[in-house]
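A, B, ... follow the sequence lines: proteins, then strands. Residue 1 opens every chain.
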Amino acid sequence: MSGASLYLGLGVLLWLLGLHGLLRLRHPLRRIMAINLMGSGTFMVMVALASRSGHNDPVLQALVVTGLVVAVSATAFALRLAVAHQAHRSRQRPTGEHEE
Amino acid sequence: MTLALASLLLPLGTALLMLLLRLRSGIWVIAASLGSLLCAGLALHEVIEQGVQTLAIGGWRTPLGIRFELSSLTAVLLVFTAMTHLLVAIYAQHSRHSHARNTDYWPLSGLLHASLAALWLSRDLFNWYVTLELLGLVAVAMIILSGPRAHAPALRYLLLSLAASLCYLLGVALLYGRYGVLDLDLLAQASEADHSTRMALLLMTVGLMLKAALWPLHLWLPAAHSSAPTAVSALLSALVVKGPLFILWLLWSRVAPVDMTESAGLLFALAGIVALLAGGWAALRTPLLKTLVAYSTVAQLGYALLALGLLLRWQQSELSVALWLFVLAHGLAKVSMFLAAGEMQATLGSKRVASLKGATQTMPVAMFAFAVAGGSLIGLPPSGGFVAKWVLLQPLLLEPIHWPWALGVLLGTLASAAYVFRVVALSFDRADATPPDYDPDPFAQWLALLPAIAVWGLALFSQPLILWLSEASG
Amino acid sequence: MNATWTNLLPLGIVLSSLLPGLLIFTLREEQTRLRVALNLTGVLLKLGLVGLMLWGVARGLEFRFSIPFLPGGELVLQGDALSLQFVSLSTVLWLATTIYAIGYLEDAPLRSRFFGYFSLCVSATVGLALAGNLVTFLLFYELLTLATFPLVVHRGTPQALQAGRVYLTYTLGGGALLLMGVALLHSLTGSPQFSAGGYLLPLLETRTPSLILAFALLVGGLGVKAALLPLHGWLPQAMVAPAPVSALLHAVAVVKAGAFGIVRVVYDVYGVEPVQALGLHLPLLALAAATIIYGSLKALQQRELKKLLAYSTVSQVSYITLGVALMGPIAAVGALAHLVHQGLMKVTLFYCAGNFAETLGVHRIREMDGIGQRMPLTMTAFTLAALGMIGVPPTAGFISKWYLGLGALETGQSGILLVLVLSGLLNAAYFLPLIYRGWFATPKAPWPAAATARAGRPGWRETHWMLLAPTLFTAALALLAGILAGTGFSPLGWSQLIINREFDL
């Protein structure tokens, strides 16, 4: 029981940490990592909630698996976009035309 | 229900086939949208004849399975989504300026259509998370079709959208942890006003408001919507921001306990008024045409937020009719405005509002479409925007104690009139008109006019529409 | 609803100008003949249909067209005696102004757009006159704003755009107030059909604050178009529009739409008794009286002919509001007769101003010296209309002022008599010098031979016949309306008929 609460608290903490990072950091890669931290926090909360009632709740675990798939694809997409953005900026920078 | 599912599966199947077979021709999407529109129309007819229908997906009953529900509102939204997609697809295929021919626009727009349809049909918190995430990813992918310049706003939109989804997901987890169900109706029966419910609703609301660009979480919208290709801007403004709004509305009007709704309603309504004024002011000040139209979306969503807030505060379900009328009228008007603005800025060769000098001469049809659609945003009779405003005003004006809210609506009306006529007045300036860079495209301009006329036609069709919308909200 | 001819006639009257207008938009610039043909077909058709409706109403037939629109508020077009008064005025003057505009805009650019919007304006005016309830009235009132804006900015110059922006600010603001007022009343009772004596009496006790606020909103919204005192600022500015627009729209259709709306609200929505019970007529009366004096004083200071006429409109239109606010049957007859009389006289004056400007380039008052020798017919028309404005018997203006004065005495508001006398003196003070200059002063320079002129000789050829004929036509009508006031088919006689129904006499 207390183990579940511990993981619950840790998950919330991770989520908050991720949010903090997302709001404070500017670099796209760091912000993507912050988002992933938020995601991990959420999944941890869900897993903790699933085991809280004594037996493991299969629904929540199924949700976590679905969520992981979504998160992985979203991260991949974000990374690809960040790379393209970075490449575009570095091409633009010498001309000094592009404003950030 | 089969018909509604067909309306969802047609664009989905088309999009997947196009991805697999590497087809990039617009004809397929146009055909799929047309088919989807037909199915949605028949589904609407079916709902009117037989009442609300539900479907347990794969035969799994709630609480384990996922439930689809086809209410008359959902059917109207399905029709609206398919119609908008059809129109925009024809535009994207035929306009010289759409830059969508033979690109990934086509499969993506099919996916967008399918995820929206799934969102309208779902009544399950987690399934909504999946559709929201899909919607966000597809929208971002469509924004970057306009080239590297759109990467920065698209990346910002993507990160905010992912964060918002996780906010929402954490809320869903908390609710499931508390009640052990994800189905909307089961949750509505079980919900109580305790601490974890409050927390969950707060998290979900922040996530949804961010995704719907509701004031004060709207800052990503103008850059993202205005940097997208014209056809995509139209879809984003008309449809995508309405998805999260739908969930927000269902969540608060069904699940939230009554003693929470009153205070939340006040906040929503105040945010709505501020959105009207702040969005209107920003639209009045911006030098860029598409940014003006995008800020007008922020302002117009204020009406929806105001209707939602007052509906929660006074527990008057009639106000949800006003909310959905605003959504429909705004969607049609925005399609028209974005298409007209896109045509004009491509033909006149400048993104600035000031380049529209003399546009009544050089591009009369597009300018007329812009003005007519703007008339609906202002709420001039007999347009869809007018009917929506009328329905919203009725309960506000009935009791003197509510009159301050009506004053807010009046100010919002004046603000929208100011930014619409800022553009329209400029277009009559014949002294030094901006000459078109190359030949205007008459067909695309007429296409832009079509939804503007439809939104005025909506007014004459308002009685059955109000009836259907009120059945869904009751 | 059965589709019999009595149901479809009101719709037909609106469509008879709307459809030609929409067709005209699609024409190319050089398709002059087709455009003129469409215009004239529309005018003559409308004239015929209005004549048919007049005949029908006189025989007691009911004309009513309705389609569902809002919950509790249908879209209703109906022909009653009051709406016919305004419809007939608009239609007859549309005929005259169309001919005038064809002559005036000969070889000007963008004529398709001009005549398209011009027809839309007339359709909106007629729709507003035929509107059977407040929702329908609101709809056409806003459409009138939208359709007139392109005409104000028609010239596309910076002044025109500036005037257009001012015009929009005022009229859209007014429209928003009117919307609020109509929506407020609608939230209480829905929007039933206009009826003599109003429909708000049952709510008098329970909903007093709502009724007062709604009245303020409605009058505020209508007062913009009727150019009531603090809301009149758009009218003098809008004079940059081409002369036919100033003549028909700003002197007649738009300002009359406001005044007509006030008549409807007072008589057919609120009713005389509730207005008096709420004490709403007194502020309205004060406002109207102040506007009458203010407009005349401002007119006295003007140096441009069109500006002077504009301020004179501000003053003269408020006679209608004044007559309504006096709340007595005799004053009401005066007010309704003035609705027509002022329209005929003012349109004549604007035609004359347009003739002077087009033929000789005369815009300012001091350039008018001796213009009567060069353009005697136009000047005669001008003199007749100006004397009517002053209220010299037996012109039409005298008739309406006479009834207004009698009405003031009847209701015991003898102070209003002073206002009427003072305003008459002021009218004389700014119109008589013009008449004197025109006929008796010697011109400062010889008139240009044919440089800007459409034609050269004084008399029938003093200007383009399409400019002269409408001027003489409306001047004659204004004179006849005064001389034949005692007969049953004059504007006065028809007003008497309306008021007998309203006051149940």
**Prompt:** How about C:L110 and B:R430: do any of their side-chain heavy atoms sit closer than 4.5 Å?
**Reply:** yes

**Asked** Based on non-hydrogen pairs under 4.5 Å, which of B:Q361, B:E399, B:Q394 is most in contact with chain C?
**Response** B:Q394

**Fill in**
When every non-hydrogen atom of B:Q463 is compared with those of C:P68, the smallest separation belongs to OE1-CB, 3.1 Å

**B:W314 CH2: over 12 foreign heavy atoms closer than 6.0 Å** = yes

**Greater than 12 external heavy atoms within 6.0 Å of C:E205's CD** = no

**Item:** Winner by heavy-atom pair count (cut-off under 4.5 Å) against chain B, out of C:V153, C:L179, C:L172, C:L184
**Value:** C:L184

**Asked** Yes or no on side-chain contact (heavy atoms from CB on, under 4.5 Å) for C:L70 and B:V387, after CA distance, side-chain angles and deciding distance?
**Response** CA-CA 7 Å; C:L70 294 167; B:V387 178; 4.0 Å; yes

**Request:** Answer yes or no: does atom CZ of B:F368 have more than 12 heavy-atom neighbours from other residues, nucleotides or ligands under 6.0 Å?
**Result:** no

**Message:** Are B:P395 and C:S187 packed together at the side-chain level, in the sense that at least one heavy-atom pair is separated by less than 4.5 angstrom?
**Reply:** no

**Region of C:R155 in contact with chain B, defined by heavy-atom distances below 4.5 Å** = backbone

**Request:** Let me know if B:L460 has heavy atoms under 4.5 Å from chain C in its side chain, its backbone, both or neither.
**Result:** both

**Residue B:I466 versus chain C: region with a heavy atom under 4.5 Å** = side chain

**Toward chain C, the part of B:F461 with a non-hydrogen atom under 4.5 Å** = neither

**Asked** Side chain, backbone, both or neither: which part of B:V391 has a heavy atom under 4.5 Å from chain C?
**Response** neither

**Asked** Of the backbone (N, CA, C, O) and the side chain (C-beta and beyond), which part of B:L398 lies under 4.5 Å from a heavy atom of chain C, both, or neither?
**Response** both

**Item:** Interface moiety of C:P150 toward chain B, non-hydrogen atoms closer than 4.5 Å
**Value:** both

**Prompt:** Which of the residues C:F69, C:Y141, C:F149, C:F140 is involved in the greatest number of heavy-atom pairs with chain B at under 4.5 angstrom?
**Reply:** C:F69

**Prompt:** Which one, C:P109, C:A160, C:S210, leads in non-hydrogen pairs under 4.5 Å with chain B?
**Reply:** C:S210

**Request:** Side chain from CB out, backbone as N, CA, C, O: work out which of these in B:P382 comes under 4.5 Å of a heavy atom of chain C, or both, or neither.
**Result:** both

**Complete:** Looking only at C:L168, C:T145, C:L188, the option with the highest number of non-hydrogen pairs under 4.5 Å against chain B is C:L168

**Prompt:** Could you give the distance from CG (B:L397) to CE (C:M180), rounded to the nearest 0.5 Å?
**Reply:** 6.5 Å

**Message:** Under a 4.5 Å cutoff for heavy-atom pairs, which residue among C:L213, C:T157, C:L143, C:V135 has the most contacts with chain B?
**Reply:** C:L213

**Request:** For C:A176 and B:L414, work out which heavy atoms get closest and say how close.
**Result:** CB-CD2, 4.0 Å

**Message:** To the closest 0.5 Å, what do you measure between CD1 (B:I378) and CG (C:L146)?
**Reply:** 7.5 Å

**Asked** Relative to the ring of C:H186, is the ring of B:W390 parallel (under 30°), tilted (30 to 60°) or perpendicular (over 60°)?
**Response** perpendicular

**Asked** Quick one: which residues of residues 421-429 of chain B reach chain C at under 4.5 angstrom, heavy atoms only?
**Response** B:F421, B:V424, B:A425, B:L426, B:F428, B:D429

**Message:** Quick check for you: to the nearest 0.5 Å, what is the distance between C:E142 atom CD and B:L380 atom CG?
**Reply:** 5.5 Å

